[in-house]
Amino acid sequence: MDAKVRVRFAPSPTGGLHLGGVRTVLFNYLFAKHHNGEFILRIEDTDQSRFVPGAEQYILDTLAWCGLSPDESPVHGGNYGPYRQSERKANYKKYADQLIAQGNAYYAFDTPADLEAKRAEVPNFQYSRTHRMEMKNSISLSATEVESLLKNNTPHVVRIKMPENEEVIFEDIIRGEVSFDASTVDDKVLLKADGMPTYHLAVVVDDHLMKITHAFRGEEWLPSAPVHILLWKYLFGLDQMPKWAHLPLILKPDGHGKLSKRDGERLGFPVFAMDWTDHITKENTIGFKEKGFLPEAFINLLALLGWNDGTDKEIFTMEELIASFSLDRVHKGGAKFDYEKAKWFNQEWIKRMDNEKLSRLVQPYFDKAEIEIHEHDYLVKIIGLVKERCHLLPDFITQSAFFFKAPTTIDTASITPKWEAKKQQFFEALVKIYSDHIIADKQTIPAIELEAHFKELAALHELKPGELMLPFRIMLVGGKFGPGVFEIVEAIELKDATSRIQYCLQILSTN
RNA sequence: GGCCGGUUCGACUAUCGGUUAGGUCGCCAGGUUUUCAUCCUGGAAAGACGGGUUCGACUCCCGUACCGGCUACCA
């Protein structure tokens, strides 16, 4: 039987994790869990010039928030560590040497300045068979020259020698057969002058050493696939190579191109999973988490960007995704990100979520808005009352603040045009009745009874309840929104309701 | 420029040769809600183009167009 499924997500820790990155993690995770396999997090920090402090922790935090916990990682450990490529540096040279010995790679001594000059001189310069002999390397130079350069520790890189008449063909799980003429691809650098491998060498060596069975990555990697295939062939044999799948890109909602951080800023939506603060500029980029998305919704919407189960089902739990995920239902084409639909997913998840659980998630937003919650049970109850009108977590503040303190702004403009003495008298009578209840030690009354009393009183004053409802609502919540008025009165209790009515009557009489 | 990939309503997508091309978001209209939201009903809205193959093509093949990705000692 086939070996146990092992997949990896291999980000370089350079900044916030964006939608596309998280989706790549998700597909890796779902595939692994679907096949009872293992999901590995490997940090590809081979470019020391791009090291960003905190970025690795951010990736870990993001995976934790999303519920995509790795089985092996720099912090979770595992039998194939270390899981940071910078700590695996010693591994790579051996393989580079092997490639050179086999004639599949060579030393190149060109300085960055040499390369720059050559690029300026030759339009569309490629370091390949067309110009290889014009450069300074162990193919163009004599053996003695190379030896002395090496002996003098002349800075050099190792480049793969792309074959001349070879068609590189491989099977992509999503795209089917893909082929390249190897001679059109340039001689990629494998080992840099600082001794660190480039992605090309590192990914092949580590996938082999970590026994990766399936390698998934974004479509932007497709053009360099022939380099990786060749490396597998030269180093470990094609029969050992993982199965590849190049995932479709997530595109800008408007216009064209890959979704980027700037699109989010421009169009007003998050692109990163969580808040990310640039360590140099201190500029903060908002994340889906902080914007008020539920991780369940975030995962759900990401899963449906480029995949579906073939039915009309759109709301999936993680368990359901694991059960039904399959790579052959992943699309080939990129998907434009639609923030409106993203919010819809979140709303659906808010509606489904347990009030108690929701209350714990919403509490921080109340704290931030400086709205004091005296009783937790009261908050839970209010959440149940307003949840279906909230798309994002902060919506709970605007939708329910009036349950905790009297509204600060009152839309009196919607009352005054039809305000009259009769109505004034009605509300004064209502205040009297509520006050009597309070004196009788009744702090609140069930909504149904409140409504019945209200209607009786209206009839007594020869007014239709309909003309009183809107003013009443505005007195209580400040505007034309919110749950049923009598439910509100029941919740905020008579004392509070009374003072809100009185406050408004005062404003209305002075106008 | 070169190489590679992609193309169904505005967006996400179903369809694996035979359908009035379906669903969801958004949009519009109506109902419910004596408010808003929810919810319900209805509506507008799509196979890039041109050739084949076939009794029959959204579906298979070729070409064109358009879009995207890559083309660093970055990943």
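So that the names make sense, note that chain A is the first sequence line, chain B the second, and so on, each numbered from 1. Please read these numbers as outputs of a predicted model, since none were measured by experiment. What you see below is based on every heavy atom in this structure, not just the backbone, and it leaves out hydrogens, waters and symmetry mates.
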So which protein N/O to nucleotides 60-66 of chain B N/O distances come out below 3.5 Å?
none

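- Salt bridge status for A/D47 with A/R50: present, with a side-chain N to carboxylate O gap under 4.0 Å.
- Remark: B/rU59 base-pairs with no nucleotide in the shown strands. Criterion, Watson-Crick or G-U wobble with two distances under 3.5 Å.
- No contact: A/V203 has no heavy atom under 4.0 Å from any strand.
- One C1' atom belongs to B/rG50, the other to B/rU41, and the distance between them is 43 Å to the nearest Å.
- Counting to the nearest Å, the C1' atom of B/rC3 and the CD atom of A/E167 are 12 Å from each other.
- At most 12 non-hydrogen atoms from other residues, nucleotides or ligands lie less than 6.0 angstrom from NZ of A/K243.
- Taking atom P in both B/rU53 and B/rA14, one finds a spacing of 30 Å when rounded to whole Å.
- Other residues, nucleotides and ligands contribute over 12 non-hydrogen atoms within 6.0 Å of the CD atom of A/E87.
- Using a 4.0 Å cut-off between a side-chain N of Lys or Arg and a carboxylate O of Asp or Glu, A/E420 and A/K418 do not qualify as a salt bridge.
- Comment: A/E467 does not engage A/K422 in a salt bridge, judged by the lack of any side-chain N to carboxylate O separation of less than 4.0 angstrom.
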message: Across nucleotides 27-47 of chain B, 5' to 3', mark each nucleotide with B, S or - according to how protein heavy atoms within less than 4.0 Å reach it.
response: -------BBBBSS--------
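- Remark: B/rC25 base-pairs with B/rG10. Criterion, Watson-Crick or G-U wobble with two distances under 3.5 Å.
- Side-chain N/O atoms of A/T398 and A/D395 include no donor and acceptor closer than 3.5 Å.
- One C1' atom belongs to B/rC67, the other to B/rA48, and the distance between them is 11 Å to the nearest Å.
- Counting heavy-atom neighbours within 6.0 Å of A/R329 CZ, excluding the residue itself, gives a total above 12.
- Within 6.0 Å of CD1 on A/I448 lie no more than 12 heavy atoms contributed by other residues, nucleotides or ligands.
- B/rU38 and B/rA45 have their P atoms separated by 25 Å, with the value rounded to a whole Å.
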task: Can you check each nucleotide of nucleotides 70-75 of chain B against protein heavy atoms at under 4.0 Å and return B for base, S for sugar-phosphate only, - for none, in 5' to 3' order?
output: SS-BBB
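- Distance noted for atom C1' between B/rC4 and B/rA29: 48 Å (whole Å).
- Between A/D263 and A/K261 there is no salt bridge, since none of the side-chain N atoms of the basic residue sits less than 4.0 Å from a carboxylate O of the acidic one.
- A salt bridge is defined here as a Lys NZ or Arg NE, NH1 or NH2 lying under 4.0 Å from an Asp or Glu carboxylate O, and A/D206 with A/R88 meets this definition.
- The 12-atom threshold is not exceeded at NZ of A/K93, counting heavy atoms of other residues, nucleotides or ligands nearer than 6.0 Å.
- Pair assignment for B/rC3 gives B/rG69, based on Watson-Crick or G-U wobble hydrogen-bonding distances that are each under 3.5 Å.
- B/rU33 is unpaired under the Watson-Crick or G-U wobble criterion, no partner having all donor-acceptor distances under 3.5 Å.
- Remark: nothing in residues 15-28 of chain A comes within less than 4.0 Å of RNA chain B through any heavy atom.
- We find that CD1 of A/I173 is positioned 17 Å from P of B/rG5, with the value rounded to whole Å.
- Taking the P atoms as reference points, B/rU59 lies 14 Å from B/rC9, given to the whole Å.
- Residue-environment remark: CG (A/N165) stays at or below the threshold of 12 foreign heavy atoms within 6.0 Å.
- Nucleic acid contact class of A/L249 (heavy atoms, under 4.0 Å, all strands): sugar-phosphate only.
- B/rA46 and B/rU8 are spaced 14 Å apart, taking the P atom of each and rounding to whole Å.
- Pairing of B/rC16, defined by two Watson-Crick or G-U wobble distances under 3.5 Å, is not identified with any nucleotide.
- When the P atom of B/rG5 is taken as reference, atom CG of A/L222 falls 7 Å away, rounded to whole Å.
- The distance from the CZ atom of A/F345 to the CG atom of A/N300 is 5.0 Å, given to the nearest 0.5 Å.
- Residue A/K464 qualifies as open at atom NZ: its count of foreign heavy atoms under 6.0 Å is 12 or below.
- With sequence neighbours excluded, the residues forming a side chain to side chain contact (heavy atoms under 4.5 Å, CB included) with A/F293 are A/F288, A/K291, A/L301, A/Y339, A/A342, A/K343, A/N346, A/L392, listed by chain and number.
- Around the NZ atom of A/K161, the shell of radius 6.0 Å holds no more than 12 heavy atoms that belong to other residues, nucleotides or ligands.
- Going from the C1' atom of B/rC70 to that of B/rC61 covers 28 Å, rounded to whole Å.
- The side-chain heavy atoms of A/P248 and A/R175, taken from C-beta on, include a pair separated by under 4.5 Å.
- A donor-acceptor pair is defined here as one N or O able to donate and one able to accept, closer than 3.5 Å; such a pair exists between the side chain of A/D187 and the backbone of A/M162.
- If you take CG of A/N300 and C1' of B/rU24, they are 12 Å apart, rounded to a whole angstrom.
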statement: Given protein heavy atoms under 4.0 Å, the one-letter contact record of nucleotides 11-16 of chain B, with B base, S sugar-phosphate only and - none, is simply SSSSS-
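- Computed from coordinates, the A/E177 CD to B/rC4 P distance equals 13 Å when rounded to whole Å.
- Whole-Å rounding puts the A/F316 CZ to B/rG23 C1' distance at 13 Å.
- Across the strands present, B/rA46 finds no partner; the criterion is a Watson-Crick or G-U wobble pair with both atom distances under 3.5 angstrom.
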